[in-house]
Amino acid sequence: MSRNRQQAKALAVHGIVQGVGFRPFVYGLARRFGLRGEVSNTGDGVQIYVEGEGPDIADFCQALAETPPPLARITRIRERHARVRGLDRFTIVPSQEGAVSTLISPDVCVCQACLAELFDPKDRRYRYPFINCTNCGPRYTIIEGIPYDRPKTSMKGFAMCPDCAAEYHDPGDRRFHAQPNACPVCGPQVLLRDGQGEQVKCADPIARAGELLRSGHILAVKGLGGFHLAADAKHPEAVARLRQRKGREEKPFALMSPHMAAIRGYARVSEPERRLLDSPQRPIVLLEKKGAHGIAPQVAPNNRYFGVMLPYTPLHYLLIAGFVALVMTSANKSQEPIVIDNADGFSRLADIADFFLIHNRDIHQRCDDSIARHLAGANRILRRSRGYVPAPIFLKQDGPSVLACGGMLKNTVCLTRKDQAFLSQHIGDLDNYPAYQGFEGAIAHLKRILQIEPMIIAHDLHPDYPSTRYALNQDPLPCIGVQHHHAHILSCMAEHGIDGPVIGLAFDGTGYGTDGAIWGGEVLIAEETGFERKAHLRYTPMPGGEAAIQGPWRMGMSYLYQGFGADFVNMDIKLVKGRSEQEKTVLLKMLEKGLNTPLTSSLGRLFDGVAAILGIRETVSFEGQAAMELEMRADLSQSEIYPYSWSGHAPYIIETTPLIQGVVRDMQNRLSVAAISSRFHHSLSALFADLCARIAGETGLNRVVLSGGVFQNALLLTCLSQALTARGLRVFGHCQIPCNDGGICLGQAVAALARSPHP
Ligand code: ZN
Ligand code: ZN
Ligand code: FE
């Protein structure tokens, strides 16, 4: 080889390139093309220096860009010519501290190669529940700081044994520089404890845990991003006991099944749903129940769907062998954050779990399971957490770093760096102190691992949200308040990369309006810098305020009062007859005098009210329950629609009374609840499609953006999208980002960037 034709190049690679086997990949590539040089992690990504023959360097660069490792995501490669240093081989150099703007990988499910070893009796990691490699395993949940190296993860306390160390240092090995590399000799261990905290003596704690589940016990199982509460899903008493101990809530429990064949026994799985279940993010996927499914009825009462996931850690694979399905529900009390810590688990779950299957690898960041579904031709993420966080959403805007604090329910926060938006994992409802601590903790953690110091804070307009108060306390940073529904629409525009103005339909339960009323059935002309409220549902009183959210019967009566006047108290409807004279008198007085009756234009409340009028549900145990059950009852064959109207000129006031009168008339004609629910959904679709067509005609806009928690309603999303498309409008619904309040922080960030003085 003639040394005089030698050339050299330096490359800086940006994107998700740390913790995904990128340096070993570069090493292998350099050897393949006979190049010498070095590769290192920097705070900025990965830095490569190569020297060798020109054509080999060119081939190397092409392969680097075109065939990166499965988990890597390259956003940019900067190449420049360099001086030939005359090195004699290619090496991986230790990480450098420095200005950090790299991307951290989300957690990834165990890979096929590791699974094969897990179940191979001859492998040294046979049945070892923490097996992993550079292509799989924990990432975000164990990272304490960056650069991503073992001493900055919760693996720092486990010194590798000689065998593991040999793999770690062997460039030809699948575990070369795999930071969480471990084995039964040197790595974390599982332990089974009983309800008193005593260790259960047994040869194989996971096998013993399986036996306990089979005999109807409830187990707390420490996982990747937190604890689960587990029970055999085919054991009705066990599931009923779990529900009762968790506080009688009626929210559906998630299921985990060992493989696709087991899932197909109790739920329908389409090809796109199969791919979603099987994706490395392993979300909980909503699947339609089969008729005779054999799963305990308490798993998902009054629901057409099961939430199902495949195992994603080796521990899950070992535990679930032989079961059709396990209930795997987040281990928390009511709305508090999911438990991640062993000691905390014993104290907070002592009265729920009979046994604890725990381990000694700490969970540094709490991360709930993500929830997704395939609907109307696209995958739609309803809760974006484990497996997706902290991968960025790329924005069209660039600007100073923003911290957007989100809302109150299903809170998430967002930090931006240039054109990248990083959404946090699901934090939950901020109405309890542990959740608020989780909120502060998530902000601090994201700031640290992403090395972002925000210049601007964005928040909801609601003055009493804990997230708003946090924002206003961040002196001296400028704060930008963003209207809730404006943020919803912007979040959907951002994920699709579209600019305003658009017609935005923001449908949800609650959001603070600029007039102090509670909005939620809004048609906005929205752009990044602001919005015009073009139409909304007629304001309806919420008798008792917050109490009307927990008690949809109050909303039912409020709509009846609006539709029929005070005489409604004599109507022959179960909702009215079932309430005491005193309740009716008090409610009527509130409505007539306007006492403690805040006004709302919320579509979520209209769904609640109709569910109550139809006798489906008068009180709820979780947000959206009545609306969800109304949807589940719909019989899709009925597509007749009720009369509808809106009054005046813009802002158009949409009348709810014709809809309510139509519903009541059908009830009096003894039409089934299923038929009425279907007509109600179709009526709303026709109404809003006609209204959008009218606004499109006036404004020349033809793009309609759908956002807000009401769009978790599959029937409404499907019907309305079809109705809009039929009128020649282009429809944009949420896919990567939740349509509910788990997505609004992204919209807040976009609004803040648009309104910030420095472009
Ligand atoms: Zn692996
Ligand atoms: Zn080892
Ligand atoms: Fe909302």
Side-chain angles (χ1 to χ4, degrees), residues 19-21 24 69-71 105 107-119 123-125 128 130-139 150 155 158-169 173-176 178-189 280 312-314 317 406-412 429 460-462 465 467 482-492 504-513 518-522 524 549 600-605 623-624 627 706-712 734 737-748:
V20 293
L71 301 180
S105 168
D107 300 289
V108 182
C109 75
V110 58
C111 74
Q112 288 302 320
C114 285
L115 267 186
E117 292 170 351
L118 182 67
F119 291 108
D123 193 273
R124 71 188 188 91
R125 291 189 181 85
Y128 179 59
F130 303 95
I131 187 169
N132 67 82
C133 72
T134 40
N135 299 322
C136 75
R139 298 289 187 276
R150 193 175 179 103
M155 287 299 293
F158 300 95
M160 275 183 275
C161 69
D163 286 345
C164 286
E167 294 166 338
Y168 183 90
H169 293 292
D173 196 281
R174 198 172 88 248
R175 298 193 169 85
F176 182 52
Q179 304 305 343
N181 188 26
C183 78
V185 174
C186 64
Q189 300 292 336
Y312 52 87
T313 69
Y317 274 98
M408 171 79 176
L409 300 176
K410 299 182 168 72
N411 179 276
T412 60
D429 299 352
D460 195 89
L461 291 183
H462 199 300
Y465 281 178
S467 53
V482 184
Q483 200 280 326
H484 189 95
H485 303 96
H486 184 213
H488 267 306
I489 299 301
L490 290 180
S491 71
C492 189
L505 299 183
F507 297 164
D508 66 1
T510 299
Y512 194 83
I518 300 163
W519 294 8
E522 312 302 314
L524 311 178
I549 299 175
T600 187
S601 55
S602 159
L603 187 60
R605 293 290 89 77
E623 194 223 358
L706 311 179
S707 187
V710 167
F711 285 110
Q712 291 169 115
H734 280 280
I737 296 296
C739 62
N740 56 51
D741 287 3
I744 62 168
C745 60
L746 178 62
Q748 292 172 347

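Just follow the structure's listing: the first ligand is 1, and inside any ligand the first atom is 1. None of these values were measured; they are calculated from a predicted model.
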Could you tell me which non-hydrogen atom of S467 sits nearest to which non-hydrogen atom of N411, and how far apart they are?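 That closest heavy-atom pairing would be CB-ND2, 4.2 Å.
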
Minimum-distance pair of heavy atoms, taken over all atoms of H734 and S707: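 Closest approach of H734 to S707, heavy atoms only: NE2-OG, 2.7 Å.
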
Please verify the inter-ring angle class for W519 with H485; under 30° counts as parallel, over 60° as perpendicular, anything in between as tilted.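 Parallel: the ring planes of W519 and H485 meet at under 30°.
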
Parallel, tilted or perpendicular: rings of H488 and H484 (30°, 60°):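 H484 and H488: perpendicular rings.
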
To the nearest 10 degrees, could you say what angle the Zn ion (ligand 2) makes with SG of C186 and SG of C183?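 Reported to 10°, the angle equals 120°.
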
To check your reading of the site, what angle at the Zn ion (ligand 2) do SG of C164 and SG of C161 form, to 10°?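 The two atoms subtend 110° at the Zn ion (ligand 2).
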
Taking N, O or S atoms only and a limit of 2.8 Å, check whether H484 reaches the Fe ion (ligand 3).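 Yes, H484 qualifies, because one of its backbone or side-chain N, O or S atoms lies under 2.8 Å.
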
Among the N, O or S atoms of [X], which one sits nearest to the Fe ion (ligand 3)?
X: D741; value: OD1
X: H488; value: NE2
X: D508; value: OD2

Is a side-chain N or O of S491 found less than 3.5 angstrom from the main chain of L746, in a donor-acceptor match?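 No: the side chain of S491 does not pair with the backbone of L746.
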
Answer yes or no: is there a donor N or O on one side and an acceptor on the other, between the side chain of Q748 and the main chain of A487, under 3.5 Å?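 Checked: no pair found.
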
Tell me the angle that SG of C111 and SG of C114 form around the Zn ion (ligand 1), rounded to 10°.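 If I round to 10°, I get 110°.
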
Metal-centred angle, the Zn ion (ligand 1) as apex - SG of C136, SG of C133, 10° resolution: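 It is 120°, given to the nearest 10°.
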
